[in-house]
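For clarity, every value in this text was computed on a predicted model and none was experimentally measured. Both backbone and side-chain heavy atoms feed into the values below; hydrogens, waters and symmetry mates do not. This chain uses plain numbering: 1 for the first residue, then up along the sequence.
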Amino acid sequence: MCGIAGIFHIETAKPVDPERVKRMTDAIAHRGPDGSGVWTAPGVGLGHRRLSIIDLEGGAQPMHSDDGALTLTFNGEIYNFRELRKELEAAGYSFATQSDSEVILHGWRHWGLECVSHFHGMFVFAIFDARTKQLFLARDRLGVKPLFYAAIPDGSILFGSELKALTAHPALRREIDLSAVDDYLTFGYVPDHNCIVRGVSKLPAGHYLLLQLGQPLGKPVQYWDLDFSKRTRGSQGELSEELLRLMRQGVTSRMVADVPLGAFLSGGVDSSSVVALMAEASRQPIKTCSIGFDVGALDESEYAETIARRFATDHRSRKVAADDFGLIDKLAHHFDEPFADASALPTYRVCELAREQVTVALSGDGADEALAGYRRHVFHHKEEQLRGLLPQNVRGPLFGALGKFYPKADWAPRPLRAKTTLLSLARTGPQGYTDAVSLTNADQRHRLYSQRMRGALDGYRGETYMENLMARAPAQSGLDQAQYADMKMWLPGDILTKVDRTSMAVGLEAREPLLDHRLLEFAASLPERMRIRGGQGKWLMKKTMEGHLPHDILYRPKMGFVTPIDQWFRGALADEARALSSSRIFAQMDLFDSKMIAKAAEDHIAGRFNNGRLLWQLVMLEKSLAGLFG
């Protein structure tokens with residue numbers, strides 16, 4: 001697990017200053033505290049920061065092929081590298097190390113562009129091929145590992161694992177992309193199709209980019225997608241058996257490491273399932289860790305303790321204060337782009353705790369997206385059934401009128417928010433689901449924006465991309481569309497970004513066994529009744545794990561990492577909320593109407609409205625912009 005960076009002169013093979021590459025890798029030194037390397041040749045420079053996981057002595061990078069024609073810089077893990085090594089050895093290739101990095105080099109030579117389809121794992125890598133003067137960039141299927149890239153005025157392409165690797169290069173122009181601000185306020189993160197710095201792109205998940213000397217910069221090519229349009233058949237027992245086989249495969253393949261390994265354990269279904277399967281496959285007690293809160297309503301640690309006792313894990317837990325907001329500035333630095341998922345705070349703490357004893361930790365991320373485990377999936381599934389009863393030309397005016405006059409009740413649980421449900425039913429499925437996952441709607445955003453900001457956006461809506469993504473999804477149903485959009489936007493943009501940045505901040509490798517692409521392909525083919533039944537999401541997974549986990553773990557209400565940001569802004573962070581209206585960076589960029597921000601802060605502090613989430617978004621946006629453009 002590492003950080004990579006590089007420069008490729010795409011127009012002409014001009015010399016690359018190794019100090020500039022080093023400056024880029026130094027900016028992401030936290031990703032690889034165990035070593036560094038820089039290599040340059042006419043027209044290209046590759047840099048690497050290493051966190052040693054496999055072949056501690058022989059995996060140094062940038063790595064060269066035996067004839068010197070290929071050079072690799074790689075971030076991630078190829079879990080099937082041993083099987084691929086045997087296949088490549090049978091084809092006549094010889095290996096000098098035990099690392100998965102060398103498998104990528106020989107894989108490129110043997111399979112060319114198709115090599116990525118053979119690699120099972122989480123990765124971004126760059127290979128320079130001196131024979132063809134090409135630079136090949138690739139990102140794993142789900143986007144577990146990030147890659148940013150940009151063209152700069154001197155005719156070169158910069159790339160790196162984090163945005164700060166690119167901003168470390170003096171020739172990158174730092175200009176804000178206002179559409180990314182709208183995306184961020186819509187979703188709470190900047191999705192992978194956009195970037196807060198204008199001109200910077202993120203290589204999409206499941207894509208590669210081939211750069212050729214003397215040719216213009218092309219577009220990324222998709223090599224993998226998740227298809228929800230086909231249905232598998234079988235009894236519950238048969239499907240459970242296959243799901244369990246795939247879960248075991250995902251877990252055991254991610255337990256390969258030459259360093260101490262453990263797991264995050266929250267006591268929820270997903271992390272408990274991973275720990276159960278790890279314990280089944282290990283002769284030694286599994287090292288587990290969890291974070292608890294000093295407020296009982298937010299604390300899941302007793303459930304984690306239950307699982308730890310059941311599987312005799314070497315368990316450690318730590319309680320943190322519910323007002324643990326001292327990390328705000330550190331998180332803003334590590335995320336670069338604005339990021340408003342407040343669960344990043346406890347996620348950082350659990351990574352910090354894990355790193356005290358292990359270098360690799362397995363997590364339960366991905367099952368909710370793959371198997372419809374979020375409450376919003378259950379609600380959307382029900383709404384889609386209702387939408388199917390009336391055509392849109394009848395449903396829109398009818399439910400729209402009812403929703404318009406129904407009283408608003410944001411304080412109530414969603415099933416009781418009739419206004420929200422009625423307005424959702426008046427929309428198409430993609431519009432309704434996009435609205436459900438949005439943090440601030442278009443009307444709220446436009447009331448906050450300055451006149452200049454509204455004019456600059458010129459009708460741009462952060463919601464449009466997601467609505468179109470759902471409408472074009474390879475899917476049979478509205479539930480399929482929702483899950484597809486989550487896999488394409490929410491997962492890489494929020495969940496995996498959160499885990500990558502917080503784990504890398506402390507030099508920890510996090511692995512997601514429930515995001516094995518073969519498991520996801522199977523899950524996408526499941527009939528809807530195997531995903532949601534009786535108001536239960538992840539229905540088949542819970543049934544499958546009944547023989548492994550206690551009933552109260554499988555069927556208790558979902559919690560997740562909850563942070564009490566509403567209370568923070570009525571207490572210790574009230575002054576931060578008030579200060580937003582006089583923010584220097586907001587005023588400098590003329591983004592917002594300061595009077596509207598002041599009103600939002602005072603309304604929240606006085607308890608007239610609940611604007612905690614909006615204030616958190618604005619605080620994190622201000623800190624991000626100050627770091628990037630201040």
Side-chain angles (χ1 to χ4, degrees), residues 142-143 146 148 163 176-197 200-202 204-205 331-332 335-344 347 365-366 368-369 374-377 379-380 410 414 420 424 427 429-449 453 457 459-473 481-501 560-561 563 565 591-592 611-625:
L142 280 306
F148 295 77
L163 181 56
I176 189 170
D177 191 319
L178 297 180
S179 67
V181 174
D182 196 65
D183 285 339
Y184 165 73
L185 289 175
T186 303
F187 298 110
Y189 58 93
V190 180
D192 275 6
H193 62 269
N194 215 338
C195 182
I196 198 70
V197 177
V200 176
S201 299
K202 300 164 192 169
L331 291 179
F335 281 85
D336 294 321
E337 292 191 283
F339 189 80
D341 186 340
S343 67
T347 302
D365 292 313
D368 287 315
E369 291 79 9
Y374 291 118
R375 284 189 288 267
R376 64 178 184 253
H377 292 146
F379 295 142
H380 183 66
D410 285 344
R414 179 165 176 184
T420 301
S424 182
R427 302 181 176 100
Q431 290 170 338
Y433 189 72
T434 301
D435 185 66
V437 300
S438 299
L439 300 188
T440 55
N441 63 43
D443 289 341
Q444 291 172 315
R445 299 195 304 274
H446 280 250
R447 284 196 297 272
L448 280 175
Y449 290 150
M453 178 70 169
L457 287 173
Y460 181 89
R461 295 171 62 253
E463 294 89 347
T464 301
Y465 183 90
M466 184 170 179
E467 291 166 1
N468 291 339
L469 183 67
M470 291 181 67
R472 297 192 306 265
Q481 291 177 324
Q483 288 184 251
Y484 182 82
D486 280 348
M487 299 297 287
K488 291 293 185 177
M489 286 185 64
W490 162 260
L491 188 71
D494 186 297
I495 300 298
L496 296 178
T497 294
K498 175 179 65 179
V499 175
D500 174 79
R501 302 303 191 278
F561 278 146
T563 45
I565 54 177
L591 300 177
F592 300 108
N611 293 325
R613 194 165 58 180
L614 171 63
L615 295 172
W616 181 257
Q617 282 187 279
L618 292 172
V619 165
M620 297 309 289
L621 176 63
E622 182 194 38
K623 292 183 180 299
S624 171
L625 297 184

Enumerate the residue pairs fulfilling salt bridge (charged side-chain N to carboxylate O under 4.0 Å, His left out) with a member in residues 481-492, sequence neighbours excluded, ordered by first and then second residue.
-> Asp225-Lys488, Arg376-Asp486
What are the two closest heavy atoms between Gly432 and Arg427, and how far apart are they?
-> N-CB, 4.0 Å
Side chain to side chain contact (heavy atoms under 4.5 Å, CB included) partners of Ala205, counting only residues at least two apart = none
With sequence neighbours excluded, residues passing side chain to side chain contact (heavy atoms under 4.5 Å, CB included) with Pro191 | Asp183, Phe187, Tyr189, His193, Met489
Do Phe148 and Val197 have side chains that get closer than 4.5 Å, going by heavy atoms?
-> no
How many angstroms lie between CD in Glu622 and CZ in Phe592, if you round to the nearest 0.5 Å?
-> 10.0 Å
Considering all heavy atoms of both residues, which atom of Leu439 and which atom of Leu185 are nearest to each other, and what is their separation?
-> CB-O, 4.1 Å
Could you state the interatomic distance from CG (Asn611) to CD1 (Ile565), rounded to the nearest 0.5 Å?
-> 11.0 Å
Heavy-atom check, side chain of Thr186 versus side chain of Met466, under 4.5 Å | no
Whether Gln444 side chain and Asn441 backbone form a donor-acceptor pair below 3.5 Å = yes
Hits for side-chain hydrogen bond (donor to acceptor under 3.5 Å, both in side chains) against Ser201, two or more places apart or cross-chain, chain-then-number order -> none
Looking only at non-hydrogen atoms, find the nearest pair between Leu457 and Leu178 and report the distance.
-> CD2-O, 3.6 Å
Mind checking salt bridge (charged side-chain N to carboxylate O under 4.0 Å, His left out) for Glu463 and listing every partner two or more places apart, or none if nothing turns up?
-> Arg445, Arg461
Side-chain donor/acceptor of Trp616 to backbone N/O of Ala340, under 3.5 Å | yes
State, to 0.1 Å, how close Leu496 and Leu142 come at their nearest heavy-atom pair, and which atoms those are.
-> CD1-O, 3.6 Å
Mind running side-chain contact (heavy atoms from CB on, under 4.5 Å) on Tyr433 and His377 for me, showing each step along the way?
-> CA-CA 9 Å; Tyr433 189 72; His377 292 146; 3.4 Å; yes
If only atom types and distance count, is the side chain of Thr497 paired as donor or acceptor with the main-chain N or O of Pro492 below 3.5 Å?
-> yes
Can you name the salt bridge (charged side-chain N to carboxylate O under 4.0 Å, His left out) partners of Glu337, sequence neighbours left out?
-> Lys202
For the residue pair Asp177 and Val190, establish whether any side-chain heavy-atom pair is separated by less than 4.5 Å.
-> no
What residues form a salt bridge (charged side-chain N to carboxylate O under 4.0 Å, His left out) with Asp365, not counting sequence neighbours?
-> none
Any idea which heavy atoms bring Ala471 and Gln481 closest together, and the distance?
-> CA-NE2, 4.1 Å
Listed by chain and number, what are the side-chain hydrogen bond (donor to acceptor under 3.5 Å, both in side chains) partners of Tyr184, not counting sequence neighbours?
-> none
Shortest non-hydrogen contact from Cys195 toward Val200 | CB-O, 3.2 Å
CG on Leu618 to CG on Leu448, rounded to 0.5 Å | 6.5 Å
Only counting residues at least two apart or in another chain, list the ones meeting side chain to side chain contact (heavy atoms under 4.5 Å, CB included) with Arg472.
-> Asn468
What residues form a salt bridge (charged side-chain N to carboxylate O under 4.0 Å, His left out) with Asp192, not counting sequence neighbours?
-> Arg139
Any residue meeting side chain to side chain contact (heavy atoms under 4.5 Å, CB included) with Asp336, in chain and number order, not counting sequence neighbours = Glu162, Leu163, Lys164
The reported gap from CG in Asn194 to OH in Tyr465 (rounded to nearest 0.5 angstrom) is 10.0 Å
Looking only at atom types and distance, does a side-chain atom of Ser438 sit under 3.5 Å from a main-chain N or O of Thr434, one as donor and one as acceptor?
-> yes
Non-neighbouring partners of Arg613 that pass side-chain hydrogen bond (donor to acceptor under 3.5 Å, both in side chains), sequence neighbours left out = none
Heavy atoms, side chains only, cut-off 4.5 Å: are Asp494 and Phe339 in contact?
-> yes
Between Glu369 and Tyr374, is any side-chain donor less than 3.5 angstrom from a side-chain acceptor?
-> yes
